[in-house]
Amino acid sequence: MEEELVDIDILIRKVLSYTPDADIELLKQAHIFSNEAHGTQRRIEGSPFIEHPLAVASILADMKMDVPTIVAGLLHDTIEDTNITAKQIRDRFGKEIAFLVEGLTKLSKIEFSTKEEAQAENFRKMLLAMSEDLRVILIKFADRLHNMRTLQYLPEGKQQRIASETLEIYAPIANRLGIGWVRTELEDLSFKALMPDLYNDLVRKVAKRKEEQESYLREVTSIVTEKLKEEGIPGKVSWRIKHYYGIYQKMQKQEIPFEQVHDVLGLRIITDTKANCYAILGMIHSLWAPVPGRFKDYIGVPKSNMYQSLHTTVIGPGGERVEFQIRTTEMNMIAEHGIASHWRYKEKGKMDEKSDRYISWLRELIQAQRELSDAKDFLDAVKGEVVPEVIYVFTPKGEIKEMPVGSTPVDFAYSIHSEVGNKCVGAKVNGRIVPLRFVLRNGDTVEILTSPTQGPSRDWLKFVVTPRAKGRIKQWIKAEERKQSVELGQKLIEAECRRHDLNLSVLKSEEMQRVLKLLSVSSLEDLFSFIGHGKISAHQVVNKLLPEKPEEEAPVPKAVKPPKEHKGISIKGTDNVLYHTARCCYPIPGDGLIGFVTRGRGVTIHRRDCPNVDRLAFDDARLVDVEWKASPDATSPVKLLIEAVDKPGILASLSSVISSVNVNISNATVNSTEDKKSHITFILEVTDKGQLSGLTQKIAQLEGVLKVSR
């Protein structure tokens with residue numbers, strides 16, 4: 001599109017053409033303010049910078065926007081590119097206009113690690129402002145459209161980046177908001193920048209097709225116009241050319257050459273009423289045979305962007321395929337201008353009910369993504385939400401739901417309500433029970449079966465397609481994993497406290513607060529979670545709570561009083577000998593034992609099959625026989641090594657199994673490897689080898705566990 005030069009007088013005339021009582025003085029003030037703020041600034045091609053805000057304001061006037069929006073268009077770059085502050089704009093033009101301008105100002109004072117992160121965070125800020133006042137995004141569309149029209153002046157790398165972003169984000173949102181002409185122009189300008197050779201080739205081919213078919217389309221137009229008069233149905237017939245990117249998409253999707261795209265040129269009939277739309281459809285089908293599968297009723301089932309029209313393709317005169325679009329004047333206005341076509345502000349940016357329906361998806365999305373701290377996740381969710389390909393399915397009560405192609409019953413359940421999704425256990429499609437990964441088709445009636453005890457499965461993330469479902473499932477899993485890790489962490493630290501004869505009240509003491517500060521942990525619950533996840537060890541925390549002792553006194557407790565769990569051991573031929581169990585093999589009742597006299601430390605007790613015994617056996621004089629005494633209440637520490645698939649929740653699952661057989665966990669450490677495996681080490685308190693054997697079997701049967709050993 002050739003760029004028109006706009007001055008303030010042209011802009012004022014444009015605004016007065018649809019708002020005769022517009023506040024022209026405010027527009028003039030904004031123009032002067034913007035011009036003075038930008039001063040001698042110039043655009044990259046050398047033109048005065050003020051031409052850009054004027055062009056943006058002119059595009060907003062083409063959308064027939066209200067005066068505050070057009071004023072914000074004139075001022076939209078002042079905060080970002082000049083010394084003007086938000087307060088100055090608020091003082092001069094009021095809160096409403098200041099809010100719109102601030103919503104468009106990038107987060108330039110925040111440092112981001114990557115350009116992508118900055119782009120995503122700026123985009124999130126803009127969308128949050130848009131959810132409060134949709135005019136923010138409309139000004140952004142106007143800004144982006146003018147930048148795209150003058151893209152050729154930028155360096156090639158920047159052209160590619162801006163065109164890609166426009167095609168991936170802005171054009172789909174314009175489509176979702178129903179602003180057809182903005183969407184098609186953004187798509188074509190992006191297509192031209194990204195694939196210039198393909199674009200130019202299509203332009204030539206379309207021009208040739210238009211030349212070849214112009215007389216044919218005039219003939220068809222004449223036949224239809226005559227028939228409308230005969231039937232007494234009001235209707236205006238015109239013909240249109242499909243936009244270039246739309247043609248390219250069709251060629252890509254259907255894997256066909258340009259020559260096989262039949263709806264490059266099509267006819268549009270505008271009438272007065274919905275009833276006459278259907279009457280004209282019947283008339284067209286009586287003139288020519290419809291092509292099966294090429295009829296779409298978007299009047300009975302409007303698109304989510306409120307688009308309404310009847311589409312049909314017929315075999316016209318001479319066997320040529322001809323596509324017709326049939327709609328009312330109001331439907332045509334909505335198809336072109338979307339939300340901007342019935343803009344009604346009651347007060348300070350509040351929308352009427354009809355307008356609000358356009359962004360209900362955005363409000364839901366923002367609600368669903370509140371837990372996501374990563375702006376890139378949010379950006380991906382937006383891209384998923386504005387996907388144009390949809391199917392229409394029904395609730396058992398006959399309500400229509402629009403879903404992305406590829407949706408499953410789980411996506412459908414979450415579209416009804418988060419709790420319905422979380423409690424979903426099964427689904428019926430058209431009365432038949434289907435798997436939850438079943439892919440829904442156009443026209444399906446879906447009934448969701450729920451259970452109060454059900455929770456989402458991580459496996460659902462492999463097949464759901466809607467951002468809402470993905471977001472809610474991730475939130476639930478994250479909450480559950482935290483809950484389990486907090487429980488496990490609390491058990492581990494309490495066990496460690498008991499091992500050191502510390503009263504559990506120490507966990508709520510001022511000393512504990514000092515330790516939290518030392519570890520840079522904000523709360524006791526967070527600490528439990530970190531311990532449960534293996535990020536901090538319980539031993540490390542309790543050590544910081546223990547009173548400091550002189551180094552030489554440290555071994556005294558061991559010499560005076562052996563730990564409780566070792567009371568079940570006796571050394572043949574001696575009494576009251578100082579001993580301790582070896583940390584290399586952790587012997588327990590039921591194991592064969594051997595003792596080794598260690599100078600200054602008494603007897604070290606090993607398992608007979610401990611690899612270190614062979615090394616010690618050279619000095620038989622220092623080996624002594626050891627046996628277990630019967631002591632049902634005694635427990636012994638044992639080290640258990642587990643190799644598992646590195647996945648969230650595995651530590652919590654293991655903890656649950658261990659607790660189920662009344663075995664206490666005194667310590668746990670987790671290490672992850674690059675090949676997505678977890679190496680988990682537990683120190684457990686067990687009564688004997690039989691209890692350990694039963695527990696080992698249970699752990700080995702857990703999903704994700706690869707190997708269990710002592």
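Below, all heavy atoms of this structure are taken into account, side chains as well, without hydrogens, waters or symmetry copies. No experiment lies behind these values; they were computed from the predicted model shown.
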Backbone of [Y] reached by a side-chain donor or acceptor of [X] within 3.5 Å:
X: R42; Y: G46; value: yes
X: H31; Y: K28; value: no
X: K401; Y: S415; value: yes
X: S34; Y: A30; value: no
X: D91; Y: Q88; value: no
X: S407; Y: M403; value: no
X: T82; Y: T78; value: yes
X: D188; Y: Y244; value: yes
X: S418; Y: Y414; value: no
X: T19; Y: L16; value: no

Do [X] and [Y] have side-chain heavy atoms sitting under 4.5 Å apart?
X: S309; Y: R268; answer: no
X: R209; Y: F258; answer: yes
X: L167; Y: F191; answer: no
X: K253; Y: Q249; answer: no
X: I270; Y: I326; answer: no
X: E320; Y: Y216; answer: yes
X: K210; Y: I241; answer: yes
X: C277; Y: T328; answer: yes

Can you give me the closest heavy-atom contact between [X] and [Y], atom names plus distance?
X: G73; Y: L60; result: CA-CD1, 3.9 Å
X: L27; Y: I8; result: O-CD1, 4.1 Å
X: S58; Y: K14; result: OG-NZ, 2.8 Å
X: S47; Y: E51; result: CB-OE1, 3.4 Å
X: V439; Y: G406; result: CG1-CA, 3.9 Å
X: S190; Y: A163; result: OG-O, 3.4 Å

- Message: side-chain contact (heavy atoms from CB on, under 4.5 Å) for E185 and H243? Distances and angles first, verdict last.
- Response: CA-CA 8 Å; E185 194 177 339; H243 72 296; over 6 Å; no

State the [atom1]-[atom2] distance between [X] and [Y], to the nearest 0.5 angstrom.
X: D197; Y: K192; atom1: CG; atom2: NZ; result: 13.0 Å
X: I137; Y: I173; atom1: CD1; atom2: CD1; result: 5.0 Å
X: L194; Y: L198; atom1: CG; atom2: CG; result: 11.0 Å
X: Y245; Y: Q252; atom1: OH; atom2: CD; result: 8.5 Å
X: I32; Y: L74; atom1: CD1; atom2: CG; result: 11.0 Å
X: I473; Y: L461; atom1: CD1; atom2: CG; result: 5.0 Å

Are [X] and [Y] ion-paired here, with the side-chain N under 4.0 Å from a carboxylate O?
X: R468; Y: D411; result: no
X: R13; Y: D9; result: no
X: D201; Y: K205; result: yes

Under a plain distance cut-off of 3.5 Å, with no hydrogens placed, do [Y] and [X] share a side-chain donor-acceptor pair?
X: R437; Y: T408; answer: no
X: R144; Y: T166; answer: yes
X: Q325; Y: R327; answer: yes
X: D66; Y: T69; answer: yes
X: H52; Y: D143; answer: yes

- Contacts of type ring-ring contact (aromatic ring centres under 6.0 Å, His included), residue H38, not counting sequence neighbours: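 H38: ring-ring contact (aromatic ring centres under 6.0 Å, His included) contacts with F49.
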
- Message: R183 vs E336, test: salt bridge (Lys or Arg N to Asp or Glu O under 4.0 Å). Steps then yes/no.
- Response: CA-CA 9 Å; R183 171 225 174 171; E336 286 305 307; over 6 Å; no

- Task: Show your working on side-chain contact (heavy atoms from CB on, under 4.5 Å) between L186 and W181 and close with a plain yes or no.
- Result: CA-CA 9 Å; L186 287 176; W181 72 273; over 6 Å; no

- Please walk me through it: do F93 and F33 pass ring-ring contact (aromatic ring centres under 6.0 Å, His included)? CA-CA 10 Å; F93 297 99; F33 186 91; 5.3 Å; yes

- Task: For atom CD of E255, decide whether the heavy atoms of other residues, nucleotides or ligands shown that lie under 6.0 angstrom number more than 12.
- Result: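 At most 12 heavy atoms, drawn from other residues, nucleotides or ligands, come within 6.0 Å of this atom.
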
- Greater than 12 external heavy atoms within 6.0 Å of R92's CZ: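 Check passes, neighbour count above 12.
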
- Looking at K242, K296, R240, K250, which one forms a salt bridge (Lys or Arg N to Asp or Glu O under 4.0 Å) with E323?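 It is R240; the other options fail the test.
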
- Test log, rule side-chain contact (heavy atoms from CB on, under 4.5 Å), inputs L138 and F141: CA-CA 5 Å; L138 296 176; F141 284 152; 4.0 Å; yes

- Item | Test log, rule side-chain contact (heavy atoms from CB on, under 4.5 Å), inputs E259 and M251 | CA-CA 10 Å; E259 290 67 32; M251 288 163 61; over 6 Å; no

- Message: List the residues meeting side-chain contact (heavy atoms from CB on, under 4.5 Å) with K303, not counting sequence neighbours, and say none if there are none.
- Response: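 Applying side-chain contact (heavy atoms from CB on, under 4.5 Å) to K303 gives Y298, N305, Y307, Y392, E402.
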
- Task: Applying side chain to side chain donor-acceptor pair (under 3.5 Å), run through R43 and T150 and close with a yes or a no.
- Result: CA-CA 10 Å; R43 299 197 83 210; T150 55; 3.3 Å; yes

